[in-house]
**Student:** 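Below you will find the structure I want to go over with you.
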Amino acid sequence: MRFDELRLGASWLAVTPFIANPSITQISPTQVQISWSTNAVGTYTLLSSSPSVLGPWNPAGLSVSTVGDNYVATDTITGSAKFYRLQKQ
């Protein structure tokens with residue numbers, strides 16, 4: 001038998017890293033807010049793609065701030081579709 005990693009803890013949550021899952025909310029007719037938990041394991045870069053979810057994916061270039069337990073970025077809604085994702089560094 002061969003193991004590549006062994007984690008011990010009191011619960012499943014204690015041994016499973018929390019991966020960032022972005023949430024996107026329209027906060028006004030012209031703006032969306034992208035947020036993800038500050039408790040996520042690792043460092044992430046916010047990427048965006050327009051007009052296709054297939055890419056190319058580039059850094060979103062948005063200012064990211066901390067609000068409570070979340071990282072938050074705000075973007076302006078334009079006429080074409082725009083997609084967002086987080087890339088773990």
Side-chain angles (χ1 to χ4, degrees):
M1 184 177 293
R2 186 174 165 191
F3 296 96
D4 108 331
E5 184 174 342
L6 177 64
R7 296 179 185 195
L8 302 174
S11 68
W12 178 82
L13 186 59
V15 297
T16 306
F18 182 72
I19 305 299
N21 185 21
S23 172
I24 301 171
T25 306
Q26 185 171 350
I27 59 172
S28 77
T30 60
Q31 291 186 312
V32 292
Q33 187 175 73
I34 306 98
S35 61
W36 63 98
S37 177
T38 57
N39 296 321
V41 175
T43 303
Y44 294 84
T45 299
L46 180 62
L47 304 176
S48 64
S49 176
S50 181
S52 172
V53 72
L54 300 176
W57 290 94
N58 297 301
L62 302 174
S63 177
V64 178
S65 60
T66 304
V67 177
D69 290 338
N70 291 300
Y71 294 115
V72 176
T74 303
D75 201 1
T76 302
I77 297 172
T78 60
S80 61
K82 196 168 191 180
F83 301 90
Y84 303 91
R85 74 179 183 187
L86 294 170
Q87 179 180 45
K88 189 170 183 179
Q89 299 302 304

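Fair warning: this is a prediction, and the values are worked out from it, not measured in the lab. Just the heavy atoms: all of them, side chains too, but no hydrogens, waters or symmetry mates, feed the values below.
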**Student:** For Thr78, check side chain to side chain donor-acceptor pair (under 3.5 Å) against everything at least two apart and list the hits.
**Tutor:** none
**Student:** Please check: side-chain N/O of Thr30 versus main-chain N/O of Thr76, any donor-acceptor pairing under 3.5 Å?
**Tutor:** no
**Student:** Short question: side chain of Ser49, backbone of Pro56 - any donor-acceptor pair under 3.5 Å?
**Tutor:** yes
**Student:** What I'd like to find out is whether the side chain of Ile34 reaches to under 4.5 Å of the side chain of Leu46, using heavy atoms alone.
**Tutor:** yes
**Student:** Go through the steps for Tyr71 and Tyr44 under the test side-chain contact (heavy atoms from CB on, under 4.5 Å), then give the verdict.
**Tutor:** CA-CA 10 Å; Tyr71 294 115; Tyr44 294 84; over 6 Å; no
**Student:** Flag the pair Lys82 / Asp75 as yes when at least one side-chain heavy-atom distance between them is below 4.5 Å, and no otherwise.
**Tutor:** yes
**Student:** Heavy atoms only: give me the nearest Leu86-Ala20 pair and the separation to one decimal.
**Tutor:** CD1-CB, 3.5 Å
**Student:** Are any side-chain N or O atoms of Thr25 and backbone N or O atoms of Ile27, one a donor and one an acceptor, separated by less than 3.5 Å?
**Tutor:** no
**Student:** Can you name the closest pair of heavy atoms from Ser50 and Ser80 and give their distance?
**Tutor:** OG-OG, 3.3 Å
**Student:** Looking only at heavy atoms, which two atoms of Leu62 and Thr74 are closest? And how far apart?
**Tutor:** CD2-O, 3.7 Å
**Student:** Is there a path of hydrophobic side-chain contacts, each under 4.5 Å between heavy atoms of I/L/V/M/F/W/Y residues, joining Tyr84 to Val64?
**Tutor:** yes
**Student:** Checking Gln87 side chain against Arg85 main chain: does a donor-acceptor pair fall under 3.5 Å?
**Tutor:** no
**Student:** Please report the C-alpha distance between Leu47 and Asn58 in whole Å, then the side-chain angles of each, then the deciding distance to 0.1 Å, and finally whether the side-chain contact (heavy atoms from CB on, under 4.5 Å) criterion is met.
**Tutor:** CA-CA 5 Å; Leu47 304 176; Asn58 297 301; 5.9 Å; no
**Student:** When rounded to the nearest 0.5 angstrom, what is the spacing between CD in Gln33 and CD1 in Ile24?
**Tutor:** 11.0 Å
**Student:** Please assess Ile77 against Gln31 for the test side-chain contact (heavy atoms from CB on, under 4.5 Å), listing each intermediate value before the final yes or no.
**Tutor:** CA-CA 5 Å; Ile77 297 172; Gln31 291 186 312; 5.6 Å; no
**Student:** Between Trp36 and Asn70, is the side-chain contact (heavy atoms from CB on, under 4.5 Å) condition met? List the steps.
**Tutor:** CA-CA 5 Å; Trp36 63 98; Asn70 291 300; 5.8 Å; no
